[in-house]
Amino acid sequence: MGRVYNFSAGPAVLPEEVLKEAAEDMLDYKGCGMSVMEMSHRSKMFDDIIKTAEADLRELLGIPDNYSVIFLQGGATLLFAGIPMNFLHKKAGYILTGQWATKAFKEAKKQGEAVELASSKDKTFSYIPDCSDLPITDDMDYVYICENNTIYGTKYHTLPNTKGVPLISDVSSCFLSEPMDVTNYAFVYAGVQKNVGPAGTQIAIVRNDFLTDDIKPYTPDVMNYKLMAEKESLLNTPPCWGIYICGLVFKWLKKNGGLTAMKEKNEKKAKLLYDYLDSSKLFKGTVRKEDRSIMNVPFVTGDDELNAKFVAESKAAGLENLKGHRTVGGMRASIYNAMPYEGVAKLVEFMEDFEKKNLK
Ligand SMILES: *Cc1c(COP(=O)(O)O)cnc(C)c1O
């Protein structure tokens, strides 16, 4: 069987060119006689890999010099705990727009005072709450958001008004899908297995003056972000393979016009799918229109049996991983950077055909 169109939410599709390059390099990386998986993280070879990856990421996002880039491990989930360890001194505000923000909130509450500022739970997280005038107070250390809600398919198109309090954002499922002004954040991070690389690597971008030695005394060194930044992510063995693949993806992004071009492509793909959903008599999108994500697109037929039939038949047609998250039901198409336009066109064609056959 050849490659399928993979609509998985994560780990997710990666650019075929990148996979081919990694395959070519597999046994003998650039003539050094070993693979990237086998080389010392203290070698000159790996030093080039991590430094180049960081430099390319800085170029793609225009990261200013007063921000550090850190490569971490443990999933975004470990950062849910690491963020309050490092930054929660008095109080933190959390905006709950889905499962990931809620999990992060729970971790913060274990460690100090965390306040729910707003939530969209009342409507199954199908919208982003109004964040223009939240009950944010001066004594808050940070406001936390999950910017693109992978499960529910919502995205903040305007960042919250934090009233001068530093903003921390989980951008796992929209990272590098479009340009991002890093200076809006004190700390912004992504698990790369959604849009950028293999599972096991996280990238955090942090304003240096937000890093402090005043952290929870029990913070493990590998979760001490100031120390990790000082050690340039090499306090211990980093996720070498993941960093290497991310580096190849950064090169791929640069070669393909950078993040402005990527945004244009992603918007075009999303428009094709949303326009069809808006015109369909069988399928409908689950998210309030103005809050739609261009990365994760959940949709339903309103009939569980028909949903299951759609998932099975689409799989047979080479359209994989369209089943929605268990908490939402229905379907979800994740259409990350590496999903070609043709993949979305094929999905829409399949949906049109399915609608004709199944509309009662
Ligand atoms: C997938 C995801 C997570 C969890 O990532 P893990 O690597 O499984 O810990 C957190 N936040 C967002 C937005 C995600 O999409």
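Nothing fancy with the numbering, it's 1 onward along the sequence. Whatever order the structure lists them in is the order used to number ligands and atoms, beginning at 1. Every heavy atom of this structure was used, including side-chain atoms; hydrogens, water molecules and symmetry mates were not. Small disclaimer: the values here were computed from a predicted structure and weren't measured.
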Any N/O pair Lys194/ligand 1 closer than 3.5 Å: yes
Contact atoms of ligand 1, heavy-atom distance to Phe80 under 4.0 Å: 10 (C)
Identified side chain to side chain contact (heavy atoms under 4.5 Å, CB included) counterpart of Thr102 within the set Tyr94, Phe80, Phe125: Phe125
Ala9 contact mode with ligand 1 (heavy-atom cut-off under 4.0 Å): neither
Pairing of Asp213 and Lys226 as salt bridge, 4.0 angstrom limit: yes
Pair Glu313 + Lys357, salt bridge at N-O below 4.0 Å: no
Atom 11 (N) of ligand 1: nearest protein contact (heavy atom, Å): Asp170 OD2, 2.6 Å
Where ligand 1 meets Thr150 - atom numbers and elements under 4.0 angstrom, heavy-atom basis: 12 (C), 13 (C), 14 (C), 15 (O)
Note: Glu107-Lys109 ion pair, threshold 4.0 Å (strictly below): no
Check ion pair Lys163-Asp133 (N to O, under 4.0 angstrom): yes
Within-shell test, Gly191 vs ligand 1, heavy atom, strictly < 4.0 Å: no
Close approach of Gln193 to ligand 1, heavy atoms, under 4.0 angstrom: yes
Euclidean distance, Phe310 CZ relative to Phe299 CZ, rounded to 0.5 Å: 4.5 Å
Quiz item: cation-pi between Lys123 and Tyr127, 6.0 Å / 45°: yes
Atoms of ligand 1, numbered as shown, that sit under 4.0 Å from any heavy atom of Cys146: 13 (C)
Within-cut-off N or O pair, Ala76 and ligand 1, under 3.5 Å: yes
Identity and separation of the nearest protein heavy atom to atom 9 (O) of ligand 1: Thr77 OG1, 2.5 Å
Glu349 bridged to Lys346 by N-O distance under 4.0 Å: no
Any Gly10 heavy atom less than 4.0 Å from ligand 1: no
